[in-house]
Amino acid sequence: MNTPYSPKDIEKKWQEIWDAERAFEVGEDYSKPKYYALVEFPYPSGQGLHVGHPRPYTALDIISRKRRMQGYNVLFPMGWDAFGLPTENYAIKNHVHPKTVTQNNVAHFKAQLKSLGYSFDWEREVNTTDPEYYKWTQWIFLKLFKKGLAYKTQMPINWCTSCKVGLANEEVVNGKCERCGGEVVRKVKSQWMLKITEYADKLLEGLDHVDYIERVKVSQKNWIGRSVGAEVDFKLSGKEDVLRIFTTRPDTLFGATYMVISPEHPLVEKYKEEITNYGEVAAYREQAAKKSDFERTELAKEKTGVVMGGISAVNPVNGKEIPIWISDYVLMTYGTGAIMAVPAHDGRDWEFAKKFGLPIIEVVAGGNVQEAAFTDVETGKLVNSDFLDGLEVKEAKEKIIAWLTGKGIGKQKVNFKLRDWVFSRQRYWGEPIPVVHCEKCGYVPLPESELPLMLPEVDSYMPTDNGESPLAAMTDWLNTVCPCCGGPAKRESDTMPQWAGSSWYFLRYIDPKNKEAFAGQEALKYWLPVDWYNGGMEHTTLHLLYSRFWHKFLYDEGLVPTDEPYKKRTSHGMILGENGEKMSKSRGNVVNPDEIVAEFGADTLRTYEMFIGAFDLSASWSQEGVRGCRRFLDRVWKLQDSLVDGDGYRKELETRMHQTIKKVSLDFEALKFNTAIAAMMSLINDFYKAGKVTKGEFSTLLLLLSPVAPHMCEELWQLVGNAGRVYAQTWPEYDEAKTVEDEVEIAVQINGKVKATVKVGTEDAQEAAREKVMADDTVAGILSGKNIVKEIYVKGRIYNIVVK
RNA sequence: GCCGCAGUGGCGGAAUGGCAGACGCAGCAGACUCAAAAUCUGCCGGGGGCAACUUCGUGCGGGUUCAAGUCCCGCCUGCGGCACCA
């Protein structure tokens, strides 16, 4: 009898041995094939590791360990996305420096991750709040600035009334702050913006050349939201000015019966004097401005609006004078902030027209436009449209665009939903923006030699009441000289958003200690692109898009060798509480990974999280399930007692061994860890049934299981007398020919129902199989006196006989 | 409303169009034990039958096929994301 399985003793021991042996340190031998496996680096929150974290980490740890065994030079790094609001809020509340909070949290996280035995190369750890790191974040910002991709503008921004911070559109969730849940309202502020829209086409096009799971691609495409339409100028009646609109349906131009502009449209201000009902217009505008984006869309069920008296537009195709309305269902942030309304063929316009009694003119036949807007673009034919009559929508579009272009009053235009990225935060705990403002020279970038521009010590981390960053109160720091003219100047007091540091961290891992550059060119050439990046679906449209944008920009600047950062992207599902709900303190269903490690061991936690269900779907935690995985590991451990001599596989188990190697090898690659583990469970069930296992069979099992349960496998590898370490062994090979049995049991169906099973040779042709099938008593009984109409034989699967 | 994902035993979940329910959990019975836990062995979708067996079963309604959880058409429910995008 051997000693019982005691993870507590084994796991610590092997973690220390791996450290001492520098087992997972990345080699600098660039002649070896490389593999770059990446997981999203965590935000080191005060709560410590959540059981959701180990799911993706274990998955790619398995891939990384397997790749090393396959002879690759593997980069599998870890770091900290440590700037951010929770740390700052904690600092404010408890009067501790955010740096100290971060240090403590990082230490805690790191100890927790280490206890799980991940094969991260900790020598390459990065931290976004380290000045040696954010120096390069600032450096990249300066590059963007110099290319005109960073600019400052007055923007109506989303303003969190609780955090007192401006938020990107993407950070507003249902009208609430994504971080704190506080109310978000609109507020005009001077903000730094990044022109991600300049890269919209490239970001879209690049998706065709990467191996991302389909739903990630679809989300990104929808987010970028490319649509092809036309811009058309409507002359204002009796004026020189035109009102420019964007439409995806220029073919319906003859059906435009009125125009709508957004309440913020500059036209209102410009013709203030001439608008006969300006009081009414101004009141409506004021009301709209008070509403948050959320309210504007919530209240949208009932359309509101006001007509602009005294000003009207002329439809360029037929010279008809049509009124201009103001309504908040038209957004200033999309297109030109103005539309032509075609109530017959647009749902929103139709609703609006019905409510305000505006005319509805059918220009595409096929529906009943008095009942509902007819929006089908496939079947309809143009009517009431002069020279477009009789054409299909697609043809009409082309013809009208050509006509408009010829007249110089319109042209084809591509629009995107994607908006520029609000890059300012009125916060302390972020990267300072390395720009000064000089009365004479405007916004001037700091010289690169002055980077990093360090965060100064401040007395209070509270944002000021007027919304300025705490840095604005630091006059010593704020007042400086202009790098351009030497005159007095002020530093930018806004800081960067958390997304900044995470937009390029995978580049720093490649060469984390480089003082001369964000990473050396030779190292970048070797390691890029990231071969496999796994992360949460929630980062698909924010982080993933932002980092692709920065990478493409760096590529255009000649600073990185690939135009896409990530070759392959996968996503994992969430781990829910035992009750099937999202884990949260308030629901009281949070599971602490430390407790699982203490009670069952890290290998059990790893195995369980991989066994819990399909990797890309969410799964509910089950303490009983954890116990089952521990039982599996116990059973593997106890196989020591059944060990017999023999380096090879016994004849009767040979096929099973090769099948299992194949299944595990392929399933790991497909992220089907649950079925890979199930296959190993089945294999040891066979070992138990046989009452013995050879050393060769057992060693192969250990190699297959080692990426999942590395500590136990190292221990057993040594205990059974194998030399070296499991992590340094070669991944087992299978022989395809040996994965197939000589004989298989196939089902015999008669009229599609299984009536019997017979044994046939795996390679039997139909004739040989037929003989065996017909020899079966049950089959013969059923067939007697019946007419065989058809016989279908699928090799090794089924024999179906159709009778009458 | 739009986009995406899912719906299979008591539960988590398996099934290149080819024997639905692998593997695990829970449950039941037995072995071991003074006893319990742990462990080991066996059973384990519903109805009917002493039984060999039979019949119904993958959210619902149709269809294609020798054969459908899987493919097609039309719905329903849940989860996630976006939301007046012209």
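First the proteins, then the strands, lettered A, B, ... as listed; each starts at 1.
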Counting any heavy atom closer than 4.0 Å, what does [X] reach on the DNA or RNA strands: base, sugar-phosphate only, or nothing?
X: A:R797; answer: base
X: A:S622; answer: nothing
X: A:V754; answer: sugar-phosphate
X: A:L617; answer: sugar-phosphate
X: A:F611; answer: base
X: A:I245; answer: nothing
X: A:E624; answer: sugar-phosphate

| task | Tell whether A:K417 reaches the base of B:rC82 with its side chain through a donor-acceptor pair below 3.5 angstrom. | result |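 For A:K417, whose side chain was compared with the base of B:rC82, there is no donor-acceptor pair (under 3.5 Å).
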
| query | Syn versus anti for B:rG9, judged by chi lying within 90° of 0? | reply |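 This nucleotide is in syn.
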
| Assigned partner base of B:rG4, Watson-Crick or wobble definition, under 3.5 Å |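 Pair assignment: B:rG4 / B:rC79.
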
| Pair assignment for B:rA22, Watson-Crick or G-U wobble, requiring both distances under 3.5 Å |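 B:rA22 is paired with nothing.
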
| Considering only heavy atoms, which members of residues 671-681 of chain A lie under 4.0 Å from some atom of RNA chain B? |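 Heavy-atom contacts with RNA chain B come from A:K672, A:N674, A:T675, A:A678, A:M681.
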
Phosphate contact ([N] OP1 or OP2) by [X] side-chain N/O below 4.0 Å:
X: A:K753; N: B:rG18; result: no
X: A:R631; N: B:rA26; result: yes
X: A:N222; N: B:rC85; result: no
X: A:R635; N: B:rC40; result: yes

| Going by the side chain to side chain donor-acceptor pair (under 3.5 Å) test, which pairs reach into residues 749-759 of chain A, not counting sequence neighbours? |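 For residues 749-759 of chain A: none.
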
| said: Counting the benzene-type ring for Trp, do A:Y258 and A:F352 have ring centres under 6.0 Å apart? | reply: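 Ring centroids of A:Y258 and A:F352 are less than 6.0 Å from each other.
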
| said: Distance check needed: B:rC85 C1' versus A:Y329 OH, whole Å only. | reply: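 Computing the A:Y329:OH to B:rC85:C1' distance gives 12 Å.
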
| said: Holding to side-chain hydrogen bond (donor to acceptor under 3.5 Å, both in side chains), I want the full list of residues that pass it with A:W621, two or more places apart in sequence or in another chain. | reply: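 Partners of A:W621 under the side-chain hydrogen bond (donor to acceptor under 3.5 Å, both in side chains) test: A:Q623.
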
